Each structure stands twice: as structure tokens, then as C-alpha cells.
There are 2 protein chains.
Amino acid sequence: MSQFWSPLVHRLSPYVPGEQPRVEGLIKLNTNELPFGPSPAVAGAIEAAAREGLQLYPDPQSGALCEALAAYHGMPRDHVFVGNGSDEVLAHAFAGLLKHDGQLLFPDITYSFYPTYCRLFGIAYETVPLDGAMQVNIEDYRRATGAIVGAVILPNPNAPTGVGLGLDAVERLLAMHAHAPVVIDEAYVDFGAQSALPLIARYPNLLIVRTLSKSRGLAGLRVGYALGQPHLIEALVRVKDSFNSYPLDRLAQAGALASLGDEDYFQQGCAAIIENRAQLVTGLERLGFAVLPSQANFVFARHSARGGAELAQALRAKKILVRHFNAPRIDPFLRITVGNGDQVSVLLQALEDILSC
Amino acid sequence: MSQFWSPLVHRLSPYVPGEQPRVEGLIKLNTNELPFGPSPAVAGAIEAAAREGLQLYPDPQSGALCEALAAYHGMPRDHVFVGNGSDEVLAHAFAGLLKHDGQLLFPDITYSFYPTYCRLFGIAYETVPLDGAMQVNIEDYRRATGAIVGAVILPNPNAPTGVGLGLDAVERLLAMHAHAPVVIDEAYVDFGAQSALPLIARYPNLLIVRTLSKSRGLAGLRVGYALGQPHLIEALVRVKDSFNSYPLDRLAQAGALASLGDEDYFQQGCAAIIENRAQLVTGLERLGFAVLPSQANFVFARHSARGGAELAQALRAKKILVRHFNAPRIDPFLRITVGNGDQVSVLLQALEDILSC
């Protein structure tokens, strides 16, 4: 508290990211990173960019990267916006598209940054409970005639549950709130979920947000992007150019471009995670966990007899980090990132040891 | 315009950065970059960071970098905040420290991003005219008893004039508005101006903002920082953690750290610019320009007979870019970045040719 703070600062409830500890030998399954690095082409591109031109400002529009993303997704250049991680893209979307007189709707259990953005930007919101199976039911987003919905944001697949929505369900949501912006946060879509990309041409209210942090193994590079019709992209550009003209440094632009150019590596990585996920789920179920059906690079699992906090702490004692949320409804669960084969085995063995005590 | 935009978006007036053209052979003296690259240690550090761990999130607090900056400036760690370029640091300062019931004061001629931030965050402001010599006169920031000043922001040296304020003047400002946050934007301080650093311990209302883009030749890396007492830093952290937890990627953190470790290179670079600036000023005055006394890596100069727009356009035809602002009071001026010796010579020769026509 300080007399010098803007009144805004007093009402904030800052987001708490998963731990990034610097401990040797830790198995880190708490922040949904890939267990392997990005395409080898990335380091080469970064090294070239580091050797020349660092004294010059980067392209403020990240033009080459936007063009590459547009080509990759088969869209015009003016359908693409990039930012310093999808968190920054989401922040601009909250400020520029999701603040209206009507309330913003999102699930009660979802990415915990959403209510934080709402407090930062003064956005009124209403959370919509997941159903009994911890799934988003689109019909729960319908409101009585006359009730004003300002906007909607949903991750697909949802976090921290990992549960995905079909394209038909997303389309019903877009049609249901045709006059409101609808943001689909596809941070984890590449691990088997259905993208809403095919709907962009027909739904002027649809903005998709993506990240290179997860499926492209570039969490350390901070690159996210949005896809949507140009009038939505323009709102993001206007906010960005009122906040920070140069959000992506030269190295991030170069590295992201190189990653996009290596499709084989990307596909193989996603396939490996999907395979490891199946092993992890089988192992967890064998140990007495109920695991929500995941389309992400993590699973959300609760044990039939032991609490989430207790298990997370016992794993930590064995130098394995998973994420536990001390929050209503999800307190019994662990969110476990899908690691490589060895990590999956070590985790399952550790849980077996803990559960046998 | 779009029905999907937040009402905010309609009132924005986005900042327009200097051009970043991709033209071969251009002499680029329009965005105040160094004419040479950063310390060679920077590329090495980035290459090491690119080869390992890019799939992992960066340290969200940039702890090692903050500690190095604290040690460099002889302050405790809790006096330091870092962001994605000083533009992001400024944005968080506007949101978290400069928005109050009273008006924000800044010069009428200054960094043109300030009014843009004000519109983004809904901050009421009043501009204070530079005096007849285009200098900040601190007495002009005094207000009648009862008039509420919310906060003050000043660049030192000012941009685009390059004119610096002495430490005594800055201290008078801090004492004059002891109950209001005062941000001193020291983006260009390393080229011969006096820093307000010695005042931090005694003035709880002082926040200093710095960048590695100018004097450290790292515009392409996007690293800025703030220094001040912990209660001010905490406001910035709270805003940052409500906006984007991971503003600096792994490469930027590594490169910035390496730059801080090479003091000799840094000092030599600043000295070279100061020397080249003297040559540029002498040459411009010989050609009939009046040049404001600059403590920055640029000069602000007006010709006795020819207009700023006309000269900027004539230089552009010779593939030399300088910055011209089509705005009241400064329309006759050119803002010219101090380049290397060759660039200074080529520019002066080009101006001589243009003026002889």
C-alpha cells in the first residue's frame, strides 16, 4: 500500500504463475511445457539474428512472422496479430474486445488469468459453472431475452481440465451470441482438439488466440498470436500501439519463423505427447485415479482416496512438481503435464510408492 | 470501427513509431539507434540461451537480471523492475502510478507516447509548455495552492529536443510535488546528462525509467527497467502480474545480463557518440542550423531558411532518414540521430548539397 499508487492498483489480484524453480534434477510437470526443445532450426535462426542488427528496433508489426502465420493457416495477412506470449494477446483482447456494458461470460473453472484481467480492466463478468462431468455445456451460456451478454471467452481445450469442445458446440456458441465477441483460447489445441479456424470466415465475432509456448516448445521465447476477421485484429493493433509498439524482439520473431518452417518436427512432437498422454492416463487409472478426458498436454486427475494437496506435496518431496489448485471444486485434483516416457514412468512409480504408504 | 470493439478502442490514438524500413543502403538516423552493435558478449550469451531450455518458461521475475541491475546501480534488489522495453515499463507506470484524481503534468513537447498512454488508461493530463529556448522550466510546474497535481512525468534529457535538466532542477520538482509520483524517463541519460539516481534514497515519490535500447545498442532486444523505492516497484509488479507474467523472454534476459557485464564496451560506445555529436553539431551550425544543446544521442536542429519537412524529404531522396514531426512549435526542426563518423559526414555533405540548390 502506498499513497503513490493509482487507485487501480489497490483492486488488483495479480495472477500467480506456476513455479519456475532452479533446482537440479527436478522433474517439472507443473507448467505444461514440452519435455523436449523446439525444432533445431530455431537455435540457428536466433544465432543469426543475435549476430547482426540487435542495435536496431525490431519490425513493430512483426510483418514476416504475421505473413508466415497467415500462410500457415491459409488466411490473409490482415487476419493475424502477434504478441509477447498469448498472455499479452489475451490482455489486449480483454481491453479491446471483451469490455462492454454487458457481462463477460467464462467458465467457473478455467485459466485463472481471466478474472485477473477483468480486475485490471474493470470488466464485469459472470462465471458459468462446468457441468457435473467438469465439462463446458454450451447451453449454459444461453441467457434470457433481454439479458445482455457483453462477450464470451473459453479455452478449448479448457484448462486446467484438458477437456475439449467439438466444432459444433463452438459454432452454437458463436451463433448464440452473434452480436458479442467470442474469444476461443486455443493454447492447447494442437494435442488433439478441434480448432475453430474453419469458422473464422463465417463468424465476424470469432477471435482465436494461440501460443507457440506449448506445442512448439517455445515457452521461453514468448510468442502468441490471434486469428480473426480484420475488424477484430484492428482492435488489437490499436490497443497494442497504445501500449508498446515493439512487443516482439528480433530474436523471438526469428525463432518463431524458424519453428513455423519445420512442420515435420512439430507434428512428431505433438504425436509423441499424445502417445505419452495415453500411457500416463492408463497408469493413473491403474493407480485409482479418475482422469478427465484430455485433449491437452496435461491431464487433470483425482484419486479415489487421497487428496490433491497431499499428493502434490508427497510428489514434491520426491522432486516431482505437479500443479495443485487450492480452489473450490478442483481442490481434489492434480494437473499433471505430459512429460517424456521416462518422466511418465518416474511419476507413476512415485505415485505408486506414495499410495502404498 | 466495429460493433465488437470495446468503447475504449474508439478513443485511442495509437503511437506512430519511427519508420523501420527494409531498404538496402539506407542511412537510418530516424529512431535514435546506435550506429554499432552491443557488446560482443551479448551474442554469445544469447546463443547459449538459444541452445538450451527454450521449451521452459523464463524466470517471470527476471531475477538474475534485476539483481545485476541492482548491483550495477548500487541499490537493493527490491528497487528494480524490468519490462519488455521501457515502453512497457512506462505503460505500467502510467497505469499503476500516474493515474490519480489530479492531473498528470508533462511538457507540451516531449515523448509523443505519453498522451497515447493517457488515452489508453483514461488519465487526465495537462501539458506544460517548454520555455522560449525549448527547455523545461521547473517553476512552470508549480501550481496554485489547492490545485491538485496527480503526478508528473519528464524525460531527462527531454525528447525530441535532447535538452537535459540538472540534478538541482529535478530535485526542486520532487520537493515541489512531494505527494505526487514523479517519473523521470532517463532513456537517453547515458550520453552526458545527469541521472536522478542519487535522489532515490531521499525521495519516495521518484521513479526512474531506463532502457537498454539506446546506450547499450539493444533496441532489438526490448529491455527496459525502472528504479525506485520498493513501494513504487510493488505497484509496477502488481500491474505486470495482472497483465503478462513473463514479459522478458529467456534470450532477452541473457543478452541484457551480458551487456551489463561489459562496462568498458559500454563506456567506449557512449564516449564515441558524444564525440560524434560534437562533430555533427559543429557541421550543422556551419550550414546555418540552430542546434539545441543536446545531451542525447540525437540533436534537434532548425535551419535559418529552410523548413523541416522540406529538408527531411530532400534527405529521404538521398536515402537518408531523419525524423520530422508535423506538430506545432517543432515543425521547423529535424531530429537527427548521432551516427558513426561516416554517417555524420555523409549527412552533412547531403545537407550541404541540398542547401546549395
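Only a predicted model underlies this, so the values are computations on that prediction, with no experimental measurement involved. Sequence lines set the chain letters: A, B, ... in the order given, protein chains first and strands last, and positions in each chain run from 1.
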[X] side chain near [Y] side chain, heavy-atom distance below 4.5 Å:
| X | Y | result |
| --- | --- | --- |
| B:Glu88 | A:Glu88 | yes |
| B:Leu98 | A:Ser6 | no |
| A:Pro204 | B:Phe4 | yes |
| A:Tyr57 | B:Arg222 | yes |

Between [options], which has the largest tally of heavy atom pairs under 4.5 Å with chain B?
| options | result |
| --- | --- |
| A:Phe94, A:Tyr15, A:Phe121 | A:Tyr15 |
| A:Ala95, A:Gly85, A:Ser213, A:Gly255 | A:Ala95 |
| A:Leu97, A:Thr116, A:Val239 | A:Leu97 |
| A:His179, A:Arg216, A:Glu234, A:His100 | A:His100 |
| A:Ser13, A:Ala252, A:Gly37 | A:Gly37 |

Aromatic centroids of A:Phe243 and B:Phe113 separated by under 6.0 Å: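 Aromatic pair excluded; centres sit 6.0 Å or further apart.
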
Quick one: does [X]'s side chain have a donor or acceptor within less than 3.5 Å of a partner on [Y]'s backbone?
| X | Y | result |
| --- | --- | --- |
| A:Asn244 | B:Ala91 | no |
| A:Ser2 | B:His231 | no |
| B:Arg51 | A:Ala43 | no |

Please classify the contact between B:Leu54 and chain A as side chain, backbone, both or neither, with a heavy-atom cut-off of under 4.5 Å.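 Answer is both: backbone and side chain atoms of B:Leu54 are under 4.5 Å from chain A.
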
Atom pair CZ (A:Arg250) and CG (B:Leu221), whose distance is rounded to the nearest 0.5 Å: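 One gets 10.5 Å once the value is rounded to the nearest 0.5 Å.
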
Pairwise distance CG(B:Asp241) to CG(A:Leu120) - rounded to 0.5 angstrom: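 Those atoms lie 11.0 Å apart.
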
Kindly indicate, with the supporting measurements, whether the criterion side chain to side chain contact (heavy atoms under 4.5 Å, CB included) is fulfilled by B:Leu251 and A:Asp249. CA-CA 9 Å; B:Leu251 310 170; A:Asp249 65 45; 5.6 Å; no

Determine whether B:Leu34 and A:Leu56 satisfy the following criterion, side chain to side chain contact (heavy atoms under 4.5 Å, CB included), listing intermediate values before the conclusion. CA-CA 8 Å; B:Leu34 282 195; A:Leu56 302 176; over 6 Å; no

Would B:Phe36 and A:Gln55 count as a side chain to side chain contact (heavy atoms under 4.5 Å, CB included) here? Give the steps. CA-CA 7 Å; B:Phe36 41 81; A:Gln55 74 273 27; 5.7 Å; no

